[in-house]
Amino acid sequence: MPGPQTNSHDCAVLGIETSCDETAAAVVTSGREVLANIVLSQLDDHRPYGGVVPEIAARAHVEQLDGIIARAMAEAGLDFTELDAIAATAGPGLVGGVMVGLVTAKAIAAAARRPLIAVNHLEGHALSARLVAEVEFPFLCLLLSGGHCQLLVALGVGRYRRLGGTIDDAVGEAFDKTAKLLGLGYPGGPALERAAAEGRACYDLPRPMLGRENCDFSFSGLKTAVRHLVEGLGAGAPDGLSPGQVADVAASFQAAVSDVLADRTARAIEVLLREHGGGTLVVAGGVAANAAIRGRLEQVAAQHGIAMVAPPPALCTDNGAMIAWAGVERLALGLCDPLDVAARARWPLDAAAVS
Ligand code: KG4
Ligand code: ZN
């Protein structure tokens, strides 16, 4: 029997996300209803270390996940046997945390006799746009997260063609490291965006890979240039940079990143238009929560005559709803997994097409 809040023809899927420092569970229907979406951030656990500590993350997932799932199920008004499937991130990510979520999903699936769906976290980000809007395949996906920065053509569920990616740091990593350098604390991305809003992009920073024929990115040179800039500015000041200088460096960094993302994405849109004659630009992952970057990419899409879709910020950063939705999409195609499916620290999205 369907639960009280779902239509009788809708499927309901529980999604579990534990691949990094968010313990998350959500229930989503095939009718695009998010019945519950609970995200518990472990920020306070990791803040003293200035970054995510894998062992602390895994232990926190063990302690919190059961309670988060119970809250999500209560909010959705369903019990486990009313679900149509259980989806969990099976990789890529910090493998200790991934195992916690995947093992929990297996236990629920076995007890409730429901199918298990092992979701690639990156596919969760990529498909999240289809949870919030009518986005047809093929679409171009710019994936901007803490561990990944890639441009892919999404041809269908489980079918991705990688056009390019970062040759060194991921874009979120560049935000986090630059924020740390500027003393903006952890997590760096949102703090840097707030600081940048108060500053002017008045410092000249490099735009790595601009104008290249391919669709690759590079951010480590930009990070080094910011470090040299900060060392130069701070040299004469006993207390380091003034708040105004911090804001200006943040704004200059964000402008350089925006220019690089705009240029690389424009190149990829040209490939999309040439090979598929049209499509949508989807921007996903934690850095897609950045309003300045979203605005800039919207302009690029408009210049090429295509639409851009980015999920609302709460669905850009890691969450269970995107995993549940990927589960809905895979369930519709009968793409379920055996109970002995393994957690994977590495799992390239374009290899998912092969497997
Ligand atoms: O997708 P996500 O939540 O986790 C991963 O799968 O990595 O992305 C996290 C990354 C972090 O590097 C974080 O600093 C960055 O996304 N981020 C942002 C913003 N919000 C989160 N970067 C720039 N501006 C933001 N507003
Ligand atoms: Zn993510």
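Numbering of ligands and ligand atoms starts at 1, following listing order.
Aromatic ring centres of Phe253 and Tyr203: separated by at least 6.0 Å.
The single protein non-hydrogen atom nearest to atom 12 (O) of ligand 1 is Asp176 OD2, 2.7 Å, given as residue, atom name and distance. Distance from atom 17 (N) of ligand 1 to its nearest protein heavy atom, with residue and atom name: Gly286 O, 3.6 Å. Of the protein's heavy atoms, Val287 CG2, 3.9 Å lies nearest to atom 15 (C) of ligand 1. Gly146 N, 3.7 Å is the protein heavy atom nearest to atom 9 (C) of ligand 1. Closest to atom 3 (O) of ligand 1, if we only count protein heavy atoms, is Asp318 N, 3.0 Å. With hydrogens left out, the protein atom closest to atom 26 (N) of ligand 1 is Glu193 OE1, 2.8 Å, a heavy atom. Scanning all protein heavy atoms for the shortest distance to atom 24 (N) of ligand 1 gives Asn290 ND2, 3.1 Å.
Shortest non-hydrogen contact noted between Ala343 and Val95 is CB-CG2, 4.1 Å. Taking all atoms of both residues into account, the shortest heavy-atom contact from Pro206 to Leu222 is O-CD1, 3.5 Å. Heavy atoms only, all atoms of each residue included: Met322 and Ser128 are closest at CB-CB, 3.9 Å. Residues Val309 and Ala129 come closest through the heavy atom pair CG1-CB, 3.9 Å. Contact detail for Cys149 and Ala170: the closest heavy-atom pair is CB-CA, 4.2 Å.
Applying the salt bridge (Lys or Arg N to Asp or Glu O under 4.0 Å) test to every pair with at least one member in residues 213-227, sequence neighbours left out, gives these pairs: Asp169-Lys223, Glu213-Arg267, Arg227-Glu231. Residues in residues 93-114 take part in no side chain to side chain donor-acceptor pair (under 3.5 Å) pair, two or more places apart or across chains.
Below 4.0 Å from some heavy atom of Gly147 lie the following atoms of ligand 1, by number and element: 7 (O). Of all atoms in ligand 1, listed by their number and element, those nearer than 4.0 Å to a heavy atom of His125 are 1 (O), 6 (O). Counting the atoms of ligand 1 from 1 in the order shown, those under 4.0 Å from a heavy atom of Gly172 are 12 (O). Near Pro190, meaning under 4.0 Å from any of its heavy atoms, are these atoms of ligand 1: 19 (C), 20 (N), 21 (C), 25 (C), 26 (N).
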Could you go step by step and tell me if Asp318 and Val39 meet the side chain to side chain contact (heavy atoms under 4.5 Å, CB included) rule? CA-CA 8 Å; Asp318 288 348; Val39 180; over 6 Å; no
Starting from the C-alpha separation in whole Å, work towards a yes-or-no answer on side chain to side chain donor-acceptor pair (under 3.5 Å) for Gln150 and Asp350. CA-CA 11 Å; Gln150 1 185 311; Asp350 46 349; over 6 Å; no
Worked check of salt bridge (Lys or Arg N to Asp or Glu O under 4.0 Å) between Arg296 and Asp259: CA-CA 8 Å; Arg296 185 64 192 281; Asp259 281 354; 2.5 Å; yes
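Not a single ring pair (Phe, Tyr, Trp, His ring centres under 6.0 Å) links Phe80 to another residue, sequence neighbours left out.
At under 3.5 Å, not a single nitrogen or oxygen of Thr317, backbone or side chain, sits near a nitrogen or oxygen of ligand 1. At under 3.5 Å, a nitrogen or oxygen of Gly189, whether backbone or side chain, sits near a nitrogen or oxygen of ligand 1. Some N or O of His121 is nearer than 3.5 Å to an N or O of ligand 1, by distance alone. Between Gly188 and ligand 1, no N or O atom pair is found at a separation short of 3.5 Å.
His121 and His125 have perpendicular rings, their planes meeting at more than 60° on a 0 to 90° scale where under 30° would count as parallel.
Only protein atoms were considered; those of element N, O or S under 2.8 Å from the Zn ion (ligand 2) number 3.
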